[in-house]
Amino acid sequence: MGNYYQQEIETASREKILEIQNEKIVRQVKHVYENVPYYKKLMDKKGVKPSDIKSIDDIKKLPFLSKDDLREAYPYGLLGTDIKNCVRIQSTSGTTGKRVVAFYTQHDIDIWEECCARAIMAAGGTNEDVCQVCYGYGLFTGGPGLNGGSHKVGCLTLPMSSGNTDRQIQFMMDLNATILCCTPSYAAYIGETLAEKGYRPEDNKLKAGIFGAEPWTEEMRQSIQKSLGIKAYDIYGLTEISGPGVAFECEEQTGMHINEDHFYVEVIDPKTGEVLPEGAKGELVFTSLDKEGFPLLRYRTKDICILSREKCSCGRTHVKMTKPLGRSDDMMIIRGVNVFPSQIEAVLLNEGYTPNYQIVLDRVNNTDTFDIYVELSPEMFSDKIADIQRREIGLNAAMRSMLGIGPKIHLVAPKSIARSEGKAVRMIDKRRLH
Ligand code: ADP
Ligand code: ZN
């Protein structure tokens with residue numbers, strides 16, 4: 001017997017899930033067509049009407065949405081209900097130009113938190129647990145999502161937010177935290193810090209961790225499990241579709257069950273948009289079946305994945321996705337923050353630098369390092385160290401304000417970054433995450 005939050009739906013037969021999806025999609029498409037002029041226009045352009053959507057199979061007829069649409073429609077263009085019905089806004093990590101805001105009604109928050117509650121219970125959580133949430137709170141979905149899920153399960157919730165590792169450890173030890181929720185890199189860092197302070201893995205009361213929002217490897221899982229003495233579970237989500245809890249791992253730890261009663265998933269060829277058969281590797285596309293505030297249909301995530309319907313020993317019947325195996329765009333996730341090279345370029349040009357730069361990412365002690373090498377123009381070049389340092393500090397601040405995280409800036413002499421013959425090699429990622 002597994003540990004479920006909503007056993008009936010989590011273990012429902014394939015037929016039952018399809019029945020739910022068929023019913024919800026018809027209603028949702030009608031709702032979106034009538035309430036979201038931006039999407040209505042896309043449907044009209046494609047010549048599809050709500051009456052063409054009779055079951056979930058017909059979803060193929062609908063147009064895709066991408067991050068570009070979200071940007072174009074910013075801020076209210078994809079709102080699915082009167083703003084007065086909304087109670088919350090969340091936003092993706094990072095950035096100006098690429099910022100995405102998502103709206104939630106109370107109903108949407110409830111669904112989202114229930115999905116997080118399913119994840120917590122799949123990790124063995126009950127109302128006797130003490131759940132320490134050290135994802136960031138605020139616009140970022142990590143903190144609020146797991147916080148809500150923890151409440152729904154009835155755990156004693158420690159809303160720590162991120163940072164201040166000494167205090168995290170003090171609360172963890174003094175208040176007997178049993179479940180830890182944060183990014184995998186932060187979990188690894190907490191593990192190391194505990195060891196530095198002389199704690200052994202068995203000294204804490206933790207039994208499980210729910211880690212996501214960024215890519216992490218199986219090796220990293222093993223190392224976190226060992227350093228904290230826990231079982232480590234993956235959780236996946238994105239702000240556009242609600243936040244963490246779109247999919248979560250069960251005790252089998254072989255992929256994440258997608259909450260298919262709320263989110264319909266397809267895998268497509270990122271080049272042609274063709275829907276691929278089960279088991280094929282491609283880009284994940286999600287349709288939110290019952291969200292009111294921000295009801296995205298066929299949203300292209302850019303995350304590359306494989307789906308599997310193999311029977312799972314946990315009893316859950318919902319389809320499983322692999323960890324994201326890569327992305328079909330150039331987005332980097334650095335310490336949990338989404339960063340695009342184009343943003344870095346924009347800052348450089350704004351600040352009067354040449355667009356000759358190189359980003360180097362690495363992972364040292366399980367924490368991402370983020371270095372940018374930037375060429376000075378001959379006019380900027382100076383042999384005074386103080387001048388260079390002043391420039392580096394200024395550029396770091398400008399990057400931090402654009403990206404939400406600060407890189408280490410290295411200003412280098414004109415023409416010292418190797419020019420490439422073809423496409424410039426802008427980014428060297430040594431983290432080996434996939
Ligand atoms: P989140 O709050 O979940 O980080 P964002 O909208 O900021 O949401 O970022 C979503 C992206 O983060 C996803 O499209 C995916 O690329 C990445 N992501 C989220 N969870 C995971 C995970 N468990 N493993 C790998 N990548 C993840
Ligand atoms: Zn399972």
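In this text the structure is predicted, and so the values were computed from the model without any measurement. Every heavy atom of this structure was used, including side-chain atoms; hydrogens, water molecules and symmetry mates were not. In each ligand, atom 1 is the first atom listed, and ligand 1 is the first ligand listed.
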Exercise. Please determine which of N164, I169, T165 meets the side-chain contact (heavy atoms from CB on, under 4.5 Å) test together with R167.
Key: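 One option only clears the test, and that one is N164.
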Quiz item: When I235 is tested against each of C115, P244, C181 for side-chain contact (heavy atoms from CB on, under 4.5 Å), which residue passes?
Solution: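 Only one option passes, and that is P244.
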Can you check whether [X] has an N/O within less than 3.5 Å of an N/O in ligand 1?
| X | answer |
| --- | --- |
| D234 | yes |
| R327 | yes |
| G142 | no |
| T239 | yes |
| F140 | no |
| G243 | no |

Is [X] salt-bridged to [Y], cutoff N-O under 4.0 Å?
| X | Y | result |
| --- | --- | --- |
| R118 | E114 | no |
| D82 | K84 | yes |
| D368 | R363 | yes |
| K60 | E274 | no |
| R431 | D362 | no |

Quiz prompt | Y264 vs V285 side-chain heavy atoms within contact, under 4.5 Å | solution = no
Quiz item: For ligand 1, does F211 get within less than 4.0 Å through its side chain, its backbone, both, or neither, judged by non-hydrogen atoms?
Solution: neither
Quiz item: Can you tell which part of A213 has a heavy atom less than 4.0 Å from ligand 1: side chain, backbone, both or neither?
Solution: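 Both backbone and side chain.
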Give the atoms of ligand 1, by number and element, whose distance to some non-hydrogen atom of [X] is under 4.0 Å.
| X | answer |
| --- | --- |
| E240 | 6 (O) |
| I235 | 20 (N), 22 (C), 23 (N) |
| G212 | 23 (N) |
| I333 | 12 (O), 16 (O), 17 (C) |
| L238 | 6 (O), 8 (O), 10 (C) |
| T92 | 6 (O) |

Quiz item: Quick one: which of V100, D303, L284, I241 has a heavy atom closest to atom 14 (O) of ligand 1?
Solution: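 Considering heavy atoms of V100, D303, L284, I241, the nearest to atom 14 (O) of ligand 1 sits in D303.
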Quiz item: Which distance, rounded to the nearest 0.5 Å, do you find between the CD of Q6 and the CG of D261?
Solution: 7.5 Å
Below 3.5 Å, can you tabulate the donor-acceptor pairs from side chains in residues 147-154 to any protein atom, sequence neighbours excluded?
{"residue": "N147", "atom": "OD1", "partner": "Y137", "partner atom": "OH", "Å": "2.8"}
{"residue": "S150", "atom": "OG", "partner": "T157", "partner atom": "OG1", "Å": "2.7"}
{"residue": "K152", "atom": "NZ", "partner": "D110", "partner atom": "OD1", "Å": "3.1"}

Quiz prompt | For E249, the option from R316, K320, R221, K231 that meets salt bridge (charged side-chain N to carboxylate O under 4.0 Å, His left out) | solution = R221
Quiz prompt | Heavy atoms from other residues, nucleotides or ligands near CD of E8 exceed 12 (cutoff 6.0 Å) | solution =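 No, the 6.0 Å shell around CD holds no more than 12 heavy atoms from other groups.
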Exercise. Check the Zn ion (ligand 2) and write out every protein N, O or S atom at under 2.8 Å, as residue and atom.
Key: C250 SG, H257 NE2, C312 SG, C314 SG
Quiz item: Is the closest heavy-atom distance from E214 to ligand 1 below 4.0 Å?
Solution: yes
Self-check item: side-chain hydrogen bond (donor to acceptor under 3.5 Å, both in side chains) against Y33, all qualifying residues, sequence neighbours excluded
Solution: D44
Check: residues 205-213 side-chain donor-acceptor pairs under 3.5 Å, at least two apart:
{"residue": "K207", "atom": "NZ", "partner": "G124", "partner atom": "O", "Å": "3.1"}
{"residue": "K207", "atom": "NZ", "partner": "D129", "partner atom": "OD1", "Å": "3.1"}
{"residue": "K207", "atom": "NZ", "partner": "D129", "partner atom": "OD2", "Å": "3.0"}

